[in-house]
Amino acid sequence: MIGCQKELPGKQKVVWNVTCPAGFEMMTAEETFKNYEEKLNVILDEKKVGYEVEIEPIAAETGKNEVDILKEKKSQGKQADVITILGGLINTEAPEQNVELYKECAENQILSSLDELLESDAGEELKKVIPKEDLENARINGKTYGISAVFPMIDATVYSKDTLQEIGIDPKKLSADIFENEQMFREVKEKTGFAPYQVRGTSIYTKGKYWINSSCPVLGYREDTGFINLLDTKEYREYMRKMWQWKQEGLLKILGFETTNNEKCIVTDEYAMENYRMERYEVKAENNGKEETLYVVPNIEQDNVDPYWGDNKSGIASWSKNRQYAEDFLVRLFTDEEIANLIQFGERGTDYSLDEEGKAIVKQQSNIITRYFGYQYTNPMITYSTPTMSEDKLAYAKEYHEKYEGNLPRGFRMDVRPIAEEVKKVNQIYDAVITSEEEKNQTLEWKLYTLNVENTDQAIDEIVSKVDDAGMGKIVEETNRQLKEWQEKNGQ
């Protein structure tokens with residue numbers, strides 16, 4: 001484990017408060033975390049740490065968010081030592097309800113500063129397994145109150161290798177830029193008659209490498225542009241023209257609108273998966289009851305970045321009376337592979353297995369919180385890789401940060417409250433693009449999303465005019481003002 005950790009005298013209790021994933025009932029969470037707790041304490045007992053951990057889940061209630069509940073615990077003097085905050089649910093329809101939980105916990109003295117810990121021997125161990133960019137992202141007003149490690153995804157195009165082989169296409173000749181495969185797609189269309197490419201709809205997140213704002217998805221940031229309206233970028237317009245052209249020529253079909261069940265293709269959004277590798281690779285997957293070989297081509301140009309990825313953080317409760325034990329457990333949570341694998345994947349054999357290459361294969365019958373959210377409570381940089389993950393996670397993350405993120409304003413978090421009304425109005429317009437409700441199918445936004453327009457540029461012009469009338473200009477201006485103020489305050 002970590003050489004700087006010492007066995008602690010006496011058996012003490014460390015209370016670990018964990019916020020539940022958004023939308024999960026407390027009963028479900030308590031059952032999951034109780035299972036965690038029992039197995040975790042077996043590991044801690046074997047390591048003779050001198051304490052046991054009691055996990056207490058926290059879920060938002062009507063009229064109370066997680067920060068309010070933690071404030072009550074503090075005012076009532078209830079024990080809390082380690083706290084893990086998840087990002088919470090983003091409500092694009094009511095952005096005034098969105099709360100930056102980590103930021104709020106820091107500014108309301110729920111979490112205490114970790115700066116002294118990070119400068120200690122234990123902190124040096126943490127820095128070995130947490131990318132420096134993630135530590136920079138965690139700073140609030142110049143101090144670090146929580147830690148996390150983001151394992152960043154790279155967009156990838158996933159092809160059916162079996163279908164490629166049937167029609168005589170060498171997958172190694174495919175370009176990472178799907179539009180550069182146009183001639184090959186034309187040959188497929190001429191040879192087979194089917195549309196090679198199936199998509200659910202178009203995307204606003206094109207090759208601009210923008211940092212997308214979670215509260216207002218049409219707001220993006222890049223160092224050379226500042227915050228801007230993504231709908232009005234040249235990258236988006238060029239992408240939409242090309243997608244429309246492909247649809248007209250029969251190279252592309254919209255899933256659910258123009259396709260039938262099991263209609264043949266070589267690439268479809270139905271194959272979409274989370275990808276954490278930069279090199280090309282093959283993976284087995286089940287499709288309509290049959291095992292299929294998929295060929296994954298990472299988009300090394302990358303379409304957008306999300307450096308905070310929910311902004312989940314783990315830290316120390318400001319009123320903890322067990323600081324020594326709390327710090328010990330926090331460090332182990334992020335540096336001990338055995339503990340991290342338990343938290344991320346569950347119990348080996350029951351919740352996951354290892355394949356012949358030592359990759360984790362998560363079982364579908366495993367607990368849903370473990371399966372989808374476990375990594376947010378620990379350090380995914382030190383856990384087993386799955387087949388879609390790079391073997392050396394830290395090296396992968398380092399390359400990703402250097403290649404894609406550039407000079408992001410690390411630590412900046414937009415305050416949506418001054419522009420909540422404008423954000424709400426803009427999201428109500430864009431909501432027609434990102435939802436599939438029946439009554440919205442005939443709106444201009446939905447028609448553009450499904451490429452059911454005569455001219456994409458004209459449609460975009462109309463939508464840009466609508467979001468401008470809704471207050472997009474004020475959103476851009478206020479967010480850039482906040483950024484400038486933050487940069488001046490933080491010397492950036």
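To the nearest 0.5 Å, atoms CZ (Phe334) and OG (Ser148) are separated by 6.5 Å. To the nearest 0.5 Å, atom CD1 of residue Ile85 and atom OG1 of residue Thr19 are 5.0 Å apart. Note that CD1 of Ile55 and OH of Tyr377 are 10.0 Å apart. Values are rounded to the nearest 0.5 Å.
Taking the six-membered ring for Trp and the full ring otherwise, Phe33 and Trp16 have centroids separated by 6.0 Å or more. Between Tyr159 and Tyr295, the ring center distance fails the sub-6.0 Å criterion.
For Asn379, the side-chain hydrogen bond (donor to acceptor under 3.5 Å, both in side chains) test picks out no residue, with sequence neighbours left out.
Side-chain contact between Gln183 and Glu187 is present, with at least one heavy-atom pair separated by less than 4.5 Å. You'll find the side chain of Glu100 stays beyond 4.5 Å of the side chain of Met414, heavy atoms only. Arg348 has its side chain within reach of Leu354: a pair of non-hydrogen atoms, C-beta onward, lies under 4.5 Å apart.
A donor-acceptor pair is defined here as one N or O able to donate and one able to accept, closer than 3.5 Å; such a pair exists between the side chain of Tyr102 and the backbone of Tyr145. Looking only at distances, no side-chain donor or acceptor of Asn275 sits under 3.5 Å from a matching main-chain atom of Asp155.
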| Does the pair Lys393 and Thr383 meet the rule for a side chain to side chain donor-acceptor pair (under 3.5 Å), with working shown? | CA-CA 9 Å; Lys393 294 180 176 181; Thr383 56; 2.9 Å; yes
| task | Apply salt bridge (charged side-chain N to carboxylate O under 4.0 Å, His left out) to Lys398 and Glu133, showing your working. | result | CA-CA 9 Å; Lys398 184 176 186 294; Glu133 291 83 0; over 6 Å; no
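Side-chain contact of Glu279 with Tyr281: a donor-acceptor pair under 3.5 Å is absent, judged by distance alone.
The aromatic rings of Tyr352 and Phe345 sit tilted, their planes meeting at an angle between 30° and 60°.
Minimum interatomic distance between Ile266 and Phe185 (heavy atoms only, all atoms of both residues): CD1-CE1, 3.6 Å.
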